[in-house]
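Working notes, structure below.
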Number of protein chains: 2
Amino acid sequence: MSNSKLYKGSLTTIILRLLSEHPKMYGYEITQKVKELTDGELKITEGALYPALHKLEADGLLDVEVRRVDNRLRKYYKLTEKGTKETASKLNELERYIETMQVLLNPKWTT
Amino acid sequence: MSNSKLYKGSLTTIILRLLSEHPKMYGYEITQKVKELTDGELKITEGALYPALHKLEADGLLDVEVRRVDNRLRKYYKLTEKGTKETASKLNELERYIETMQVLLNPKWTT
DNA sequence: CAAATATACCTAAAATTCTTATGTATAAAA
DNA sequence: TTTTATACATAAGAATTTTAGGTATATTTG
């Protein structure tokens with residue numbers, strides 16, 4: 001995913017966030033979009049992505065729709081209602097995480 | 001550590017950051033300090049902390065000094081020179097992680 | 001005073017998440 | 001024609017954390 005271990009735990013949040021902006025996306029598209037948006041800083045590996053998508057689907061957060069495009073298979077994922085709610089929750093978590101880490105990063109505690 | 005999975009991977013960074021501000025700290029003190037600084041948002045569990053400290057010591061990033069205070073044992077950890085360098089590196093990683101995630105969080109991509 | 005809580009360390013099994021290494025298949029580019 | 005890109009998938013292993021214990025002393029509380 002990246003040389004930094006910090007991304008551990010944030011893959012689900014990233015997937016949900018992307019799907020909250022795009023009506024539907026397929027796996028390979030997600031890997032390319034993330035690479036593009038982060039200027040290559042973050043590369044989602046397939047070994048991490050596909051199991052994560054399957055889990056989100058199993059948990060009822062995503063719906064899947066298989067299509068054949070240019071004689072190649074694509075699995076389009078989109079948020080369910082439950083998934084939309086979970087996305088909001090995950091984004092709050094991320095914001096709180098960032099705030100918390102910034103406290104530790106830039107301490108007011110000269111104590 | 002917290003109900004949020006996002007903290008996965010950030011424990012080492014947190015420990016190093018605290019030790020870059022405090023000349024020496026012992027394990028229990030670290031758990032209390034983090035709880036205090038984050039208003040209880042983040043609670044470091046001992047099962048995560050102690051193995052992490054041992055690994056940092058084994059990697060030569062921390063030195064340890066055992067002391068008996070009030071007839072109770074304390075293991076004081078402090079940064080080695082190597083640990084100080086690694087701390088700077090980890091803090092850069094954290095800043096980049098936050099920047100990257102904020103791009104994904106607040107997209108300029110209305111596309 | 002007894003019991004509970006706080007202080008202070010530790011480990012080991014299990015769960016979680018990710019990396020690394022594969023595998024299959026078609027289309028396009030070099 | 002071989003490599004790269006597109007598109008899916010899984011499985012073994014690594015790394016980190018949770019959960020659930022364990023030991024021991026000091027202090028607080030009922």
Side-chain angles (χ1 to χ4, degrees), chain A residues 1-16 24-36 40-59 61-62 64-77 90 93-94 97, chain B residues 1-16 24-36 40-59 61-62 64-77 90 93-94 97 100-101:
Chain A
M1 208 167 166
S2 134
N3 57 319
S4 171
K5 291 164 194 169
L6 293 168
Y7 291 97
K8 236 179 220 276
S10 40
L11 179 56
T12 295
T13 305
I14 292 169
I15 294 171
L16 292 177
K24 59 180 165 49
M25 297 183 87
Y26 56 99
Y28 186 75
E29 187 184 12
I30 292 175
T31 67
Q32 301 307 301
K33 198 68 182 174
V34 167
K35 193 157 68 176
E36 175 204 326
E41 157 84 4
L42 187 52
K43 285 167 192 159
I44 309 280
T45 59
E46 296 173 316
L49 178 68
Y50 291 115
L53 286 172
H54 299 162
K55 186 172 192 311
L56 287 169
E57 193 198 344
D59 291 348
L61 305 183
L62 300 184
V64 70
E65 182 198 342
V66 182
R67 268 198 224 174
R68 187 164 289 276
V69 179
D70 292 331
N71 203 33
R72 268 199 246 89
L73 202 73
R74 283 186 191 171
K75 287 196 172 180
Y76 281 96
Y77 291 92
K90 288 281 185 197
E93 267 183 26
L94 178 57
Y97 168 81
Chain B
M1 208 165 164
S2 131
N3 57 318
S4 172
K5 290 165 191 166
L6 293 167
Y7 291 96
K8 250 175 211 275
S10 40
L11 178 56
T12 295
T13 304
I14 292 169
I15 294 171
L16 292 177
K24 59 180 166 48
M25 296 183 87
Y26 56 98
Y28 186 77
E29 186 184 12
I30 291 174
T31 65
Q32 298 308 301
K33 197 71 181 174
V34 168
K35 193 158 67 174
E36 174 203 325
E41 159 83 5
L42 186 52
K43 285 168 193 161
I44 310 278
T45 58
E46 298 174 316
L49 177 68
Y50 291 115
L53 286 173
H54 298 162
K55 185 172 191 313
L56 287 169
E57 192 197 344
D59 291 347
L61 305 183
L62 299 184
V64 69
E65 182 200 340
V66 183
R67 267 199 224 173
R68 187 164 288 277
V69 179
D70 292 332
N71 202 34
R72 269 199 246 92
L73 202 72
R74 283 186 190 172
K75 287 195 172 181
Y76 281 97
Y77 291 92
K90 287 282 184 194
E93 267 183 28
L94 178 56
Y97 169 81
T100 298
M101 290 305 282

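A note on names: the letters A, B, ... follow the listed sequences, proteins ahead of strands, and every chain is numbered from 1. Side-chain atoms are counted along with the backbone in the values below, which use heavy atoms only and exclude waters and symmetry mates.
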ask   = Can you check the A/Arg67 CZ to D/dC8 C1' distance for me, whole Å?
value =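 In whole Å, D/dC8 C1' and A/Arg67 CZ are 17 Å from each other.
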Provide, to the nearest angstrom, the distance between the CD1 atom belonging to A/Ile44 and the C1' atom belonging to D/dC8.
->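 Between C1' of D/dC8 and CD1 of A/Ile44: 17 Å.
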List for me each residue that meets ring pair (Phe, Tyr, Trp, His ring centres under 6.0 Å) alongside A/Tyr28, sequence neighbours excluded, and say none if there are none.
->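 For A/Tyr28, no residue satisfies ring pair (Phe, Tyr, Trp, His ring centres under 6.0 Å) once neighbours in sequence are set aside.
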Given protein heavy atoms under 4.0 Å, the one-letter contact record of nucleotides 12-18 of chain D, with B base, S sugar-phosphate only and - none, is simply ----SSB
*A/Tyr77: side chain to side chain donor-acceptor pair (under 3.5 Å) partners, not counting sequence neighbours*: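 Here no residue qualifies.
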B/Lys75 to B/Tyr26 six-membered ring, cation-pi geometry met (6.0 Å, 45°):
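No, a cation-pi geometry is absent between B/Lys75 and B/Tyr26.
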OP1, OP2 of [N] versus side-chain N and O of [X]: anything below 4.0 Å?
X       : N      : value
B/Tyr50 : C/dC9  : yes
B/Tyr26 : C/dA8  : yes
A/His54 : D/dT10 : yes

To the closest 0.5 Å, what do you measure between CG (B/Leu16) and CG (B/Leu56)?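 The distance works out to 5.5 Å.
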Pairs of donor and acceptor atoms involving the side chains of residues 4-12 of chain A, under 3.5 Å and at least two apart or interchain, shall be tabulated with distances.
residue, atom, partner, partner atom, Å
A/Ser4, OG, A/Leu6, N, 3.2
A/Ser4, OG, B/Glu93, OE1, 3.3
A/Tyr7, OH, A/Glu41, OE2, 3.1
A/Tyr7, OH, B/Thr100, OG1, 3.4
A/Ser10, OG, A/Tyr7, O, 2.5

Atom pairs under 3.5 Å, N or O on each side, protein against nucleotides 25-28 of chain C: can you list them with distances?
residue, atom, partner, partner atom, Å
C/dT26, O3', A/Asn71, ND2, 3.3
C/dT26, O2, A/Arg72, NE, 3.1
C/dA27, OP1, A/Asn71, ND2, 3.3
C/dA27, O4', A/Arg72, NH2, 2.9

Practice problem: With sequence neighbours excluded, give me every salt bridge (charged side-chain N to carboxylate O under 4.0 Å, His left out) pair touching residues 48-58 of chain B. | Solution: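 Found B/Lys55-B/Asp59.
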